[in-house]
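Step one of this worksheet: look at the structure below.
Note on naming: letters A, B, ... go to the chains in the order of the sequence lines (proteins, then strands), and numbering restarts at 1 for each one.
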Number of protein chains: 2
Amino acid sequence: MSHRIVLQLDEKLFVKDPSSSELGESIVEHAILMLDELGYEAFTFRKLAERIGTTEASVYRYFKSKHRLLLYLTAWYWSWMEYRLHLATANVASPEERLRGALREVTQRIRKDESTPRIDEEALYRVVVADSSKAYLHADVDAENREGMFRSYKRVCRTVADLILEVNPTYPWPVALVSTVIESSHMQKYFAEHLPSLTEVTRGDADESTTTFLTDLVFRAIATPA
Amino acid sequence: MSHRIVLQLDEKLFVKDPSSSELGESIVEHAILMLDELGYEAFTFRKLAERIGTTEASVYRYFKSKHRLLLYLTAWYWSWMEYRLHLATANVASPEERLRGALREVTQRIRKDESTPRIDEEALYRVVVADSSKAYLHADVDAENREGMFRSYKRVCRTVADLILEVNPTYPWPVALVSTVIESSHMQKYFAEHLPSLTEVTRGDADESTTTFLTDLVFRAIATPA
DNA sequence: CTGACGCAATAGTAATACTATCGTTGTTTG
DNA sequence: CAAACAACGATAGTATTACTATTGCGTCAG
């Protein structure tokens, strides 16, 4: 039995909720595909509107700017991750294994999921890898942060950091370690694809080797000297 | 006795070598300051030309695009880092201490240096922190990589990775660890400033605490179980 | 029946990245 | 000393961008 999941995102992320209409869902669906194909810089509302047979103005009724659309998609990704983290850590007795499972979730790419039929998770993951840092490496970070645009990302980091503290309550930099690991997992895959001399991760098994590298890193970092 | 240092950068980074003329040096000098003030997106050649009393067309005689100018500045930064790494590791007997010194260099911000009078290193460092990833998170990475635009960054990673291998020749991911640490050092400082809940690093002692966090991380990661 | 809503259609603005051309310097070189 | 040239300023112009404003039409619920 499969359910369709609709994530409830902060209202400030959009002008009009894209999950409230066919056009809105179509905008999100094709925005992901086109961002993946073109990259953030070359992607425009005009091209998107052309592709889905609507007008630029109609896209602006849902998202007030290209940057806000990127914020929406990354927030969607991190909310989805929160849900997955929940599943991955529920009913796992050992703190070590809970942490291990959580690290696997945040460092592996997402696979296609039936419960979100309009979202191509694999494409979205590539967009997150290549462009999500542009959501905060931006002149308006402070204002957007005050508006709560990054809450889901922060909650994910906080959640995993708490799992670290369950394993070792004295580790001094749990959140810094998690943000390092999450961003590194994106980077290593991007490097494997485009700048292979910057990593030992290879295109073929990018997912498994990234998870192995970073899981090893975390457990060594937080190990208490026996 | 202080010397003036002129770094020799790959010719493909510019149209006309900015170190070959007063105007060229002025372009680089003020580009750094304005990128720091405005951020990459809001920075334009028109604004730069206005500020230094020249024309847009004259700036284009030195750099064929805004993106190439960013590539030039990051390449300058990493070439400068190569030189500093050399100084920091020369005449240090212990491999551990060489690695420790190298990690300090790559994770700390650069201070003002007399040997480069036209470059504001502190401003350049902030530009590197906020914008250097945009140099490669870009649709043209592959072509630009083939042209050798990222060589100095790669050499820095390779150099520090080799120091890791001197301490532990069996560590399987030396380059991945170094690229992780370098990018994390930028990120943690950016987070400390703009998204403080994503790190334990604080604005006040961002440099020392970042170096402490990442040095600890590296030495634990590469430690061989006694 | 009506009025609110969703959307298409059209038009337009200011700014952006970038190119092209031409003339005036000041400096080198034969 | 004159010719040649490179460096630069001045001006103009293009295509595209992100974004705004307004109008009108069909649908569907009250």
Q. Between D/dC8 and B/Ser21, is there an OP1 or OP2 to side-chain N/O distance shorter than 4.0 Å?
A.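 So the side-chain polar atoms of B/Ser21 do come within 4.0 Å of the phosphate oxygens OP1 or OP2 of D/dC8, strictly under.
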Q. Quick one: is B/Thr55 getting a side-chain N or O under 4.0 Å of the D/dA10 phosphate, OP1 or OP2?
A.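 Result: no.
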To the nearest Å, how far apart are [X] [atom1] and [N] [atom2]?
| X | N | atom1 | atom2 | value |
| --- | --- | --- | --- | --- |
| A/His67 | D/dT17 | NE2 | P | 19 Å |
| B/Leu23 | D/dA10 | CG | P | 12 Å |
| A/Glu56 | D/dT16 | CD | P | 13 Å |
| B/Leu38 | C/dT16 | CG | P | 11 Å |
| A/Phe45 | C/dA9 | CZ | C1' | 19 Å |
| B/Lys47 | C/dA15 | NZ | P | 10 Å |
| B/Phe43 | C/dA15 | CZ | C1' | 16 Å |
| B/Ile27 | D/dA7 | CD1 | C1' | 12 Å |

(Q) Can you classify the ring geometry of A/Phe43 versus A/Phe45 as parallel (below 30°), tilted (30 to 60°) or perpendicular (above 60°)? (A) perpendicular
Among [options], which nucleotide sits nearest the side chain of [X]?
| X | options | result |
| --- | --- | --- |
| B/Arg61 | D/dT17, D/dC8, C/dC18 | D/dC8 |
| B/Ala57 | C/dC7, D/dA18, D/dA10 | D/dA10 |
| B/Tyr60 | C/dT19, C/dA8, D/dA18 | C/dT19 |
| A/Lys16 | C/dC7, D/dC19, C/dA17 | C/dC7 |
| A/Lys66 | D/dC19, C/dA8, C/dA17 | D/dC19 |
| A/Ser58 | C/dC7, D/dA18, C/dT10 | C/dC7 |

Q) Under 4.0 Å between a Lys/Arg side-chain N and an Asp/Glu carboxylate O for B/Arg146 and B/Asp142? A)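 No, no charged N to carboxylate O under 4.0 Å.
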NA contact type, [X], heavy-atom cut-off 4.0 Å: base, sugar-phosphate, or nothing?
| X | answer |
| --- | --- |
| A/Tyr62 | sugar-phosphate |
| B/Phe63 | nothing |
| A/Gly53 | sugar-phosphate |

(Q) My understanding is that only one of B/Pro18, B/Ser26, B/Ser19 makes a side-chain contact (heavy atoms from CB on, under 4.5 Å) with B/Arg118; could you say which? (A)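 Only match with B/Arg118 under side-chain contact (heavy atoms from CB on, under 4.5 Å): B/Ser26.
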Q. Nearest nucleotide by nearest heavy atom, which residue falls closer to the 5' end of DNA chain D, B/Glu22 or B/Arg46?
A. B/Glu22
Q. Does any non-hydrogen side-chain atom of B/Ile110 lie less than 4.5 Å from one of B/Tyr77?
A.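 Side-chain contact under 4.5 Å: yes.
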Q) Tell me, do A/His186 and A/Tyr125 make a side-chain contact under 4.5 Å, heavy atoms counted? A) yes
